[in-house]
*Asks:* 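So that we are looking at the same thing, I have put the structure below in structure tokens.
Everything numeric in this text was worked out from a predicted model, so none of it was measured. So that the names make sense, note that chain A is the first sequence line, chain B the second, and so on, each numbered from 1.
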2 protein chains.
Amino acid sequence: MSFVKYSIQVLRSKGYKVTRPRKEVLEAVESATAPVSPYDISRMVQQQGKHLDHVTIYRVLDLLCSLNLVHKVLSRGGFVKCGLLDEPGCHRFLVCRECGVLQEFTDEALCYQESQIARRMGFYPEHHLTESSGLCQRCR
Amino acid sequence: MSFVKYSIQVLRSKGYKVTRPRKEVLEAVESATAPVSPYDISRMVQQQGKHLDHVTIYRVLDLLCSLNLVHKVLSRGGFVKCGLLDEPGCHRFLVCRECGVLQEFTDEALCYQESQIARRMGFYPEHHLTESSGLCQRCR
DNA sequence: TAGCAAATGCAATACTATTGCATTACCGCA
DNA sequence: TGCGGTAATGCAATAGTATTGCATTTGCTA
Ligand SMILES: [Mn+2]
Ligand SMILES: [Mn+2]
Ligand SMILES: [Zn+2]
Ligand SMILES: [Zn+2]
């Protein structure tokens, strides 16, 4: 099932309304390979002759993040759709420092090892949504 | 040797001038346990009856980052002194989601494992400056 | 299809970051 | 120790990002 359709299902199942702005934002994020900022989305929507207030975009993104349908990519100040909707657990990113394309993955062993280190250092580890930087094949 | 003194040495050895603003910023970062933003630093300096333009603070922080004397903590939008000045290689953070205190560490095995995964996914891995979130002892 | 609560749009505002240029001050050298 | 050249700073203007309160609209349920 497509990202948009799946997300709409989740919205409904949790009692959130399926509105035009929410669908627009989902479609914008769906269509992007690299992270998009709230204002990126604003422009994307405009280029289709439509309009969304940026405040609305911020609020929609907040909601989608809280549902783990999209993730914020800190190193880029943008948002991407979750690439592992069906897989629970900790999600990680490889981000190309040059062009921003990224790949999401999850790794049991890595997660475990990190948790161990955290505990050893007196921290109570929580979900990991980490980013590693590198260069994608195109940008090398 | 203290963080400030060490940093001043590095500045000199690379041909950068040791100026009042640079020393002020170093002292502000030195004194902080959690990440501080450029404007945080501005306020800290003011409370000592002094003044630094925020543009200068941004520029100083850029420089210190490029020399790996301080790191930017993305999840907090702030800067901290490097806690492993003598140890080369990839530096990582455990950040308390609640209060922001953090601990820097480095882990050979983790680094290796991550690089492997990156290569397997078609990325050329670079330095890792990752952040994991959790709860510190005080905040549990 | 009417009514209600949730969501949006708007306006105002706060916060964060960057640029160009005139002025200052650090540091090497006399 | 004082001078000169250049790197660094301060200032002003501007751009970009994010948040709040409130009036209005709209999706959904009954
Ligand atoms: Mn994910
Ligand atoms: Mn470090
Ligand atoms: Zn790339
Ligand atoms: Zn804490």
Side-chain angles (χ1 to χ4, degrees), chain A residues 4-5 7-29 34-46 48-67 69-80 100, chain B residues 4-5 7-29 35-46 48-67 69-70 72-80 100:
Chain A
V4 173
K5 290 208 168 156
S7 300
I8 287 176
Q9 265 196 358
V10 172
L11 286 174
R12 278 200 215 287
S13 75
K14 306 256 182 186
Y16 295 104
K17 293 181 180 173
V18 176
T19 65
R20 184 185 73 89
R22 285 176 180 169
K23 283 188 279 189
E24 303 265 29
V25 170
L26 284 170
E27 277 158 25
V29 172
V36 288
S37 74
Y39 284 90
D40 287 337
I41 294 175
S42 179
R43 282 172 224 121
M44 292 165 80
V45 170
Q46 275 189 332
Q48 302 185 351
K50 302 167 187 173
H51 176 265
L52 284 186
D53 193 273
H54 75 273
V55 179
T56 302
I57 298 175
Y58 276 93
R59 292 194 273 228
V60 169
L61 288 169
D62 274 354
L63 174 64
L64 298 177
C65 279
S66 77
L67 298 172
L69 294 169
V70 316
H71 300 303
K72 181 166 196 177
V73 180
L74 294 170
S75 59
R76 289 268 150 185
F79 297 80
V80 291
Chain B
V4 172
K5 290 208 169 153
S7 300
I8 287 176
Q9 266 196 357
V10 172
L11 286 175
R12 278 200 214 287
S13 75
K14 306 256 180 185
Y16 295 104
K17 294 182 180 172
V18 176
T19 63
R20 185 184 72 89
R22 285 175 180 168
K23 283 188 279 189
E24 303 267 27
V25 170
L26 284 170
E27 277 158 25
V29 172
V36 288
S37 76
Y39 284 91
D40 286 338
I41 294 175
S42 179
R43 282 172 225 121
M44 293 166 80
V45 171
Q46 274 189 333
Q48 302 184 350
K50 302 166 189 174
H51 175 263
L52 284 187
D53 194 272
H54 75 274
V55 179
T56 301
I57 297 174
Y58 275 93
R59 291 194 274 228
V60 170
L61 287 170
D62 275 353
L63 176 63
L64 298 177
C65 279
S66 77
L67 298 173
L69 293 169
V70 316
K72 181 166 195 177
V73 180
L74 294 169
S75 59
R76 289 267 151 186
F79 297 80
V80 291

*Asks:* Please determine which of Val25(A), Leu69(A), Val29(A), Leu26(A) meets the side-chain contact (heavy atoms from CB on, under 4.5 Å) test together with Val4(A).
*Replies:* Leu26(A)
*Asks:* Does a side-chain N or O of Arg12(A) approach OP1 or OP2 of dC28(D) to a distance below 4.0 Å, or not?
*Replies:*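 So the side-chain polar atoms of Arg12(A) do come within 4.0 Å of the phosphate oxygens OP1 or OP2 of dC28(D), strictly under.
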*Asks:* Between Glu24(B) and Arg20(B), is the closest basic N to carboxylate O distance under 4.0 Å?
*Replies:* yes
*Asks:* Just the table, please: protein N/O against nucleotides 28-30 of chain C N/O, every pair under 3.5 Å.
*Replies:*
none

*Asks:* Please work out which of the three classes, parallel, tilted or perpendicular, describes the rings of Tyr39(A) and His54(A), given edges at 30° and 60°.
*Replies:* parallel
*Asks:* Take nucleotides 7-16 of chain C nucleotide by nucleotide from the 5' end and write B, S or -, depending on whether a protein heavy atom sits under 4.0 Å from the base, only from the sugar-phosphate, or from neither.
*Replies:* SBBBB----B
*Asks:* Rounded to whole angstroms, how far apart are CZ on Phe79(A) and P on dT17(D)?
*Replies:* 12 Å
*Asks:* Return the CD to OG distance between Glu27(B) and Ser7(B), rounded to the nearest 0.5 Å.
*Replies:* 11.0 Å
*Asks:* Could you check whether any side-chain N or O of Arg22(A) sits under 3.5 Å from a backbone N or O of Lys17(A), counting only pairs where one atom can act as donor and the other as acceptor?
*Replies:* yes
*Asks:* When you look at Arg43(A) and Asp40(A), which way does the salt bridge (Lys or Arg N to Asp or Glu O under 4.0 Å) test go after all the steps?
*Replies:* CA-CA 5 Å; Arg43(A) 282 172 224 121; Asp40(A) 287 337; 2.9 Å; yes
*Asks:* For residues Pro35(A) and Gly100(A), report the shortest heavy-atom separation together with the two atoms involved.
*Replies:* CD-O, 3.2 Å
*Asks:* Let me know the distance between NZ of Lys23(A) and C1' of dT26(D), rounded to the nearest Å.
*Replies:*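 After rounding, the reported distance stands at 12 Å.
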*Asks:* Rounded to whole angstroms, how far apart are CG on Asp40(A) and P on dG16(D)?
*Replies:*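 Rounding to the nearest Å, CG of Asp40(A) and P of dG16(D) are 12 Å apart.
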*Asks:* Using the closest heavy atom to pick a nucleotide of DNA chain C for each, name whichever of Lys72(B) or Val18(B) lands nearer the 5' end.
*Replies:*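 By nearest-heavy-atom nucleotide position, the 5'-most residue is Lys72(B).
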*Asks:* Is there a side chain to side chain contact (heavy atoms under 4.5 Å, CB included) between Lys14(A) and Val10(A) once you walk through the steps?
*Replies:* CA-CA 6 Å; Lys14(A) 306 256 182 186; Val10(A) 172; 4.2 Å; yes
